[in-house]
Number of protein chains: 2
Amino acid sequence: MNGGRTAEKLRDLILRGDYQPGAPLRQTALSARLGVSRTPLRQALQILDDEGLVQQSDFRGASVMTIDAAMLDDLFDMRQALENIALKSAFSKQTKLDFAKAEMALDAAEKTNDPAALSQLNWDFHTALYQPSGRKMLLDGIQRLNRSSALAEAIGHAINDRITASANEHFAILQACRNDDRRGALTLLNEHLKAAHKGALASLLEDKNASH
Amino acid sequence: MNGGRTAEKLRDLILRGDYQPGAPLRQTALSARLGVSRTPLRQALQILDDEGLVQQSDFRGASVMTIDAAMLDDLFDMRQALENIALKSAFSKQTKLDFAKAEMALDAAEKTNDPAALSQLNWDFHTALYQPSGRKMLLDGIQRLNRSSALAEAIGHAINDRITASANEHFAILQACRNDDRRGALTLLNEHLKAAHKGALASLLEDKNASH
DNA sequence: ATTTTCATGATTGTATCCAATTATGGAAAA
DNA sequence: TTTTCCATAATTGGATACAATCATGAAAAT
């Protein structure tokens with residue numbers, strides 16, 4: 001089952017901006033580029049379809065998902081709801097959060113400017129906070145939403161201001177967790193999500209204007 | 001892209017109980033049964049994997065997802081969070097809920113005892129309530145969770161008491177919606193979800209005991 | 001000039017073939 | 001008897017061949 005790895009590669013390409021939203025994803029060309037045959041590529045396309053990064057149409061092929069404001073609203077409402085549950089759970093369990101991993105992810109995130117890598121490191125950070133809750137299915141759900149959101153955030157090449165702001169917010173959340181400040185961590189998390197939502201919306205509109 | 005239809009057929013077979021949780025899903029046998037070749041069948045397996053109804057393992061094949069208590073907890077926490085958002089949205093929009101469709105689904109649900117059809121009708125009911133919010137992505141997320149839950153609910157052949165109780169709860173929710181009683185509808189919805197959770201958990205334990 | 005038709009090519013979907021991996025069962029060794 | 005090993009069968013994963021559908025563009029009709 002190599003389709004999974006193919007999906008990762010293709011996801012990185014999309015998040016990196018090699019294929020803009022709406023761009024067609026031709027099977028022969030893509031499979032050649034990724035060094036596999038069409039069979040595992042199609043599996044990868046199906047995976048990314050279910051993740052919400054790709055849209056497929058009968059006999060008309062696949063293309064990168066196009067995102068609108070309504071979708072962003074839904075995505076961030078869902079993220080907020082689920083991540084709040086996850087963070088609360090992490091606090092209520094007595095297992096310590098993985099501070100070392102969280103800090104490593106944040107440090108690494110500051111040094112890269114590859115959108116795909118950045119997205120992965122951001123996820124690593126969130127994982128470090130939520131993982132200890134042991135709620136695998138909840139985590140899966142959050143990751144799926146994160147991946148959809150990642151596309152939106154990567155679109156406008158994610159205005160640099162927003163990236164550094166996001167990093168600061170992450171640090172603040174981590175700090176609150178270290179101090180065992182549950183209430184503070186939750187507020188900071190929600191502010192962080194709201195800011196991310198706002199930023200994605202802005203870069204979406206900007207992108208729309210840019211293409212007249 | 002016939003894989004989608006194949007996925008529907010297979011999903012029905014699983015929900016109908018033709019393949020118990022943990023049962024292997026052999027590609028050649030299944031493709032023969034469903035009247036397609038292995039290629040679209042494998043796509044269907046991938047779709048159901050992403051839906052959480054099937055688990056795949058490298059070179060070891062696919063099998064029906066096995067559900068444990070922790071997964072049920074996650075599933076129902078997520079459902080509660082998302083369905084509350086959806087119902088609130090439906091109320092805040094001025095577009096009227098689709099009462100006719102909701103009632104039709106409930107009536108039809110009372111007349112069938114096919115788990116797959118019942119699951120679909122239950123979803124139709126929830127859709128009638130949430131659809132008017134127009135939040136497609138939110139609805140997709142809820143549907144995904146519903147499908148995973150459906151497997152859990154169908155396991156113990158869903159104790160008959162629970163089925164009629166669920167029907168009553170649905171009617172109560174519908175009634176509250178008709179009266180424009182937002183607060184009441186929300187409480188009833190949450191009670192309904194909690195009862196479904198409890199029921200699924202019970203039938204899970206019972207099933208475990210039955211197989212020593 | 002505009003629209004319609006239709007032949008051709010491009011692209012996707014399905015079936016099948018081959019390769020890689022895993023499961024099975026019996027023989028040999030302990 | 002029990003365990004280990006290996007040959008064989010069963011099964012999955014990937015590549016390719018074929019069929020079905022869609023997109024194109026030029027010729028014909030209006």
Side-chain angles (χ1 to χ4, degrees), chain A residues 1-14 17-67 140 144 147 151 211, chain B residues 1-14 17-67 140 147-148 151 211:
Chain A
M1 218 224 281
N2 190 15
R5 300 196 80 81
T6 311
E8 287 182 27
K9 286 199 253 178
L10 179 52
R11 190 188 306 119
D12 282 359
L13 285 183
I14 292 175
D18 273 31
Y19 299 94
Q20 293 291 318
L25 299 168
R26 300 291 168 211
Q27 295 179 2
T28 52
L30 256 182
S31 58
R33 176 168 186 182
L34 298 177
V36 294
S37 88
R38 282 179 55 211
T39 308
L41 173 73
R42 285 169 58 95
Q43 189 186 358
L45 287 174
Q46 183 58 52
I47 292 173
L48 297 185
D49 180 321
D50 290 320
E51 275 180 19
L53 263 78
V54 159
Q55 46 196 348
Q56 286 178 295
S57 174
D58 278 18
F59 291 100
R60 226 162 282 171
S63 57
V64 179
M65 175 69 69
T66 58
I67 300 190
D140 276 3
R144 188 191 309 272
R147 284 183 172 158
L151 177 58
S211 60
Chain B
M1 218 223 284
N2 190 13
R5 300 196 81 81
T6 311
E8 286 182 28
K9 286 198 252 179
L10 180 53
R11 190 189 305 120
D12 281 359
L13 285 183
I14 293 174
D18 273 31
Y19 299 93
Q20 294 290 318
L25 300 167
R26 300 292 168 211
Q27 295 179 2
T28 52
L30 256 183
S31 59
R33 177 168 186 181
L34 298 177
V36 294
S37 88
R38 282 179 55 211
T39 309
L41 173 74
R42 287 173 57 183
Q43 188 187 358
L45 287 174
Q46 182 59 51
I47 292 174
L48 296 185
D49 180 319
D50 289 321
E51 273 180 20
L53 263 79
V54 159
Q55 45 196 347
Q56 287 178 296
S57 175
D58 279 19
F59 290 101
R60 225 162 282 173
S63 57
V64 179
M65 174 69 69
T66 58
I67 300 189
D140 276 3
R147 285 182 170 159
S148 285
L151 178 58
S211 61

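All values below were derived from every heavy atom in this structure, side-chain atoms included, with hydrogens, water molecules and symmetry-related copies excluded. In what follows, every chain begins at residue 1, and chains take the letters A, B, ... in the order their sequences are listed.
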If you look at every heavy atom in [X] and [Y], which pair is closest and at what distance?
X	Y	answer
Thr6(B)	Leu34(B)	CG2-CD1, 3.8 Å
Asp50(A)	Gln46(B)	OD2-O, 4.4 Å
Ser63(A)	Gly22(A)	CB-O, 3.7 Å
Ser148(B)	Glu51(B)	OG-O, 2.8 Å
Leu45(A)	Gln56(A)	CB-NE2, 3.9 Å
Ala62(A)	Val54(A)	CB-CG1, 3.8 Å

Provide, to the nearest angstrom, the distance between the [atom1] atom belonging to [X] and the [atom2] atom belonging to [N].
X	N	atom1	atom2	result
Gln27(B)	dT16(C)	CD	C1'	14 Å
Arg26(A)	dG13(C)	CZ	C1'	14 Å
Arg38(A)	dG13(C)	CZ	P	8 Å
Gln43(A)	dT12(C)	CD	P	17 Å

Subject >> Donor-acceptor contact below 3.5 Å, side chain Gln55(B) vs main chain Val64(B) >> reply: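 Yes; at least one donor-acceptor contact below 3.5 Å.
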
Subject >> Within residues 51-65 of chain B: residues closer than 4.0 Å to DNA chain C (heavy atoms) >> reply: Phe59(B), Arg60(B)

**OP:** Output, in order, the C-alpha distance, side-chain angles, deciding distance and verdict of side-chain contact (heavy atoms from CB on, under 4.5 Å) for Val36(A) and Arg5(A).
**Re:** CA-CA 11 Å; Val36(A) 294; Arg5(A) 300 196 80 81; over 6 Å; no

Original post:
Does Arg42(A) put a side-chain nitrogen or oxygen below 4.0 Å from OP1 or OP2 of dG13(C)?
Top reply: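 Result: yes.
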
**OP:** Shoot me the first and last contacting nucleotide of DNA chain D against chain A, ordered 5' to 3', at under 4.0 angstrom to non-hydrogen atoms.
**Re:**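 Contact span on the strand: dG13(D) to dA23(D).
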
